Amino acid sequence: MHFSFLSLLRNAFSAHRDWPEQWRSPEPKPAYDVVIVGGGGHGLAAAYYLAAEFGIRDVAVVEKGWIGGGNTGRNTTIVRSNYLLEESEALYDHALKLWENLSQVLNYNVMFSPRGVMMLAHTTHDVQSFKRHYHANRLAGIDTEWLTPEEARDWCPGLNIAKDIRYPIVGATLQKRGGVARHDAVAWGYARAASALGVDIIQNCEVTGVRRGADGAVIGLDTSGGTIAAKKVGVSVAGHSSQVMDMAGVRLPIESFPLQALVSEPLKPIVSCVVMSNTIHAYISQSDKGDLVIGAGTDQYVSYSQTGGMQITAHTLDAICELFPVLRRARMMRNWGGIVDTTADRSPILGTTPVPGLYVNCGWGTGGFKATPGAGHLLAATIARGEPHPIAAPFSLDRFARGRLIDEAAAAAVAH
Amino acid sequence: MLLITCPWCGPRPEIEFAARGEAHVARAAPDADGEAIAAALYLRSNTRGLLAERWRHVYGCGRYFNAVRHTVTDKFVATWRVGESRPDLGGEGTR
Ligand SMILES: Cc1cc2nc3c(=O)[nH]c(=O)nc-3n(C[C@H](O)[C@H](O)[C@H](O)COP(=O)(O)OP(=O)(O)OC[C@H]3O[C@@H](n4cnc5c(N)ncnc54)[C@H](O)[C@@H]3O)c2cc1C
């Protein structure tokens, strides 16, 4: 079924009751060429690109809950590519380019809205570090602008640029190609397009073991729905990467922390772009529905609770109220947490593993939504070819032992 | 916010403490190879369940201590002073 103006019109006459299911829900087959563990945006995108671009259609995605119910459905959907280091710039811009026509490619409106991502500088140190980013991005051909406080306020009216506040705004960078997208639609759009190409999407099926042959290579998976044989397995389970990879005997340089977000009651349009402040740990945008979508920081300890400390969100709201005094009386509607898989260098791990036939995509931590199309594409390419895609190659698991860290942490202190 | 019992000061709110990561991670020997150094520096159990940790009561007595916490409920099972042996947790292992 193709979405078009005509199909919308036709279904309007039947009060939208006759839309078919958007993806099939088959029973798992006994064996597949490739099984992707984890039905988040990354896993679903990988399955889609395997089928659409690499001609591998005997593929299943195995998800323990419902698709998009992990961090994909819990994040604040900021999309940008203005990272500091060359490896990261190539990685995130690869994804951003795929975002730009994703709705057309998938024939599904993922509501990608490049409304601009503005990052606020509050101190001399911020200015120095942001200018370094600005110049690095320009060298890499990634769009970026430097704004004075007045220009920042003109771009995003309502921003408090008073000089006497606790963290005055002294400048900002702006990436106009950045923005937000509709998180659920990304998962659903990839699922629908993958399913149409023959990919089996299997929900409510938890992977509980990785089966390996006499030579150590992967031969299949144990799941709550029985054993599934597979020639190749791609693991893309975000916060639970340590657990799933442990089933294959691979230890990861990852710790999982809670990260929280919250939304307000719906308001008239007021925040026109994405505003981020790393120094005071706050970022905000407004959804098409009118909710303010606000992201907070991580808790300091490993946890799988999917909730975080109240002091973390309170701290973020303090900061938001100072940046946008006009929002002081807005009420918050919901607050939740996701579990983010964090590496020491705050860069992801994407590629082969010591186990033949086992591929991993993890470590995206607090910032992997923006990478969804790119990560899926690179994981698919890596699985299809059996060797890392050139853009993914620097993000290999063995970079830690080789000392080739891609240190976006110290460089940027970025949350997203 | 967690309620954490400092073995010197008693129960205090989490904002007085700094989490210092997994406990009992042995340092690599000076002549160890890259793999061993990377393992000590970066590989972590990241356990879903009982995890042995180090915490520091930074805004209190300033001292480090050991703890065992459940990473799904976030509840502390035990905290004890550095140098003391770990309390008997009734057979509940960690790592
Ligand atoms: C509050 C919050 C805000 C964020 N904000 C941003 C942002 O603004 N911009 C940005 O770029 N990123 C952001 N992120 C990070 C982003 O959400 C993640 O990096 C990204 O969504 C990861 O996608 P994924 O598909 O890999 O993971 P997920 O969507 O988490 O998918 C992994 C899936 O694996 C499944 N799974 C786990 N274990 C098993 C198993 N044993 N068997 C089968 N399935 C299993 C899970 O159920 C889950 O559905 C944020 C995260 C959070 C929590």
Side-chain angles (χ1 to χ4, degrees), chain A residues 64 206 208 237-247 249-258 260 298-315 337 339-347 349 354 362-363 365 396-405 407 409, chain B residues 1-6 12-26 28-29 32-59 64-79 93-95:
Chain A
K64 77 171 171 188
E206 179 170 359
T208 53
V237 294
H240 291 84
S241 298
S242 297
Q243 283 71 42
V244 175
M245 293 303 285
D246 191 45
M247 296 171 194
V250 179
R251 264 168 79 85
L252 291 178
I254 282 191
E255 288 189 299
S256 298
F257 300 111
Q260 298 180 78
T298 52
D299 281 285
Q300 53 173 338
Y301 45 82
V302 167
S303 175
Y304 295 87
S305 61
Q306 289 197 333
T307 55
M310 195 61 125
Q311 78 277 14
I312 308 263
T313 41
H315 174 74
I339 300 302
V340 296
D341 41 332
T342 316
T343 56
D345 59 0
R346 299 298 189 267
S347 287
I349 299 169
C362 65
S396 63
L397 177 56
D398 68 1
R399 73 171 182 270
F400 295 91
R402 290 187 294 118
R404 305 290 298 182
L405 273 62
D407 200 353
Chain B
M1 190 180 306
L2 307 182
L3 183 64
I4 305 175
T5 304
C6 169
R12 297 292 179 91
E14 181 199 332
I15 42 168
E16 292 186 13
F17 296 85
R20 284 287 185 254
E22 184 172 337
H24 318 310
V25 178
D33 63 3
E35 294 286 340
I37 293 173
L41 283 175
Y42 305 120
L43 296 188
R44 293 293 175 264
S45 335
N46 202 20
T47 312
R48 191 175 197 275
L50 291 178
L51 177 66
E53 298 180 312
R54 294 191 311 159
W55 284 74
R56 186 175 172 216
H57 192 187
V58 242
Y59 302 111
Y64 275 88
F65 58 91
N66 288 313
V68 169
R69 185 175 57 86
H70 199 290
T71 59
V72 178
T73 60
D74 290 338
K75 205 173 141 100
F76 282 81
V77 179
T79 56
T94 64
R95 290 193 75 120

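In this text the structure is predicted, and so the values were computed from the model without any measurement. Note on naming: letters A, B, ... go to the chains in the order of the sequence lines (proteins, then strands), and numbering restarts at 1 for each one.
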**Request:** Might you confirm whether atom CZ of A:R404 has over 12 heavy atoms from other residues, nucleotides or ligands at distances under 6.0 Å?
**Result:** no
**Item:** Heavy-atom pair with the smallest gap, counting every atom of A:S305 and B:V72
**Value:** CB-O, 3.3 Å
**Request:** Output the distance between atom CG (A:D246) and atom CG (B:N46), rounded to the nearest 0.5 Å.
**Result:** 10.0 Å
**Request:** Tell me, for A:L252 versus chain B, whether the close heavy atoms (under 4.5 Å) come from the side chain, the backbone, both or neither.
**Result:** backbone
**Request:** Considering non-hydrogen atoms only, spot the tightest contact between B:A38 and A:A401 and give its length.
**Result:** CB-CA, 3.5 Å
**Request:** Please look at B:L41 and chain A and tell me whether the side chain, the backbone, both or neither of the residue comes under 4.5 angstrom of a heavy atom of that chain.
**Result:** neither
**Message:** Around atom CE of B:M1, are there more than 12 heavy atoms from other residues, nucleotides or ligands closer than 6.0 Å?
**Reply:** yes
**Message:** side chain to side chain contact (heavy atoms under 4.5 Å, CB included) for B:E22 and A:V302? Distances and angles first, verdict last.
**Reply:** CA-CA 9 Å; B:E22 184 172 337; A:V302 167; over 6 Å; no
**Message:** Show the nearest heavy-atom pair for residues A:Q300 and B:A18, with the distance to one decimal.
**Reply:** OE1-CA, 3.3 Å
**Request:** Considering only heavy atoms and a distance below 4.5 Å, find which of A:S241, A:P258, A:P253 pairs most often with chain B.
**Result:** A:P253
**Prompt:** In Å and rounded to the nearest 0.5 Å, what is the CZ to OG1 distance from A:F257 to B:T71?
**Reply:** 11.5 Å
**Request:** Against chain A, label B:R20 side chain, backbone, both or neither, depending on which of its atoms sit under 4.5 Å from a heavy atom there.
**Result:** neither
**Message:** Tell me which pairs pass salt bridge (Lys or Arg N to Asp or Glu O under 4.0 Å) where either residue lies in residues 33-52 of chain B, with sequence neighbours left out.
**Reply:** none
**Request:** Measure the CZ-OH distance between B:F17 and A:Y301 for me, rounded to the nearest 0.5 Å.
**Result:** 13.0 Å
**Prompt:** Relative to chain B, which segment of A:E255 carries a heavy atom at a distance below 4.5 Å: side chain, backbone, both, or neither?
**Reply:** both
**Item:** Shortest non-hydrogen separation from B:Y42 to A:L405 and the atoms involved
**Value:** OH-CD2, 3.4 Å
**Prompt:** Measuring heavy-atom distances to chain A, does B:I37 have an atom under 4.5 Å in its side chain, in its backbone, in both, or in neither?
**Reply:** neither
**Prompt:** Closest approach of A:S242 and B:S45, non-hydrogen atoms and distance?
**Reply:** CB-O, 4.4 Å
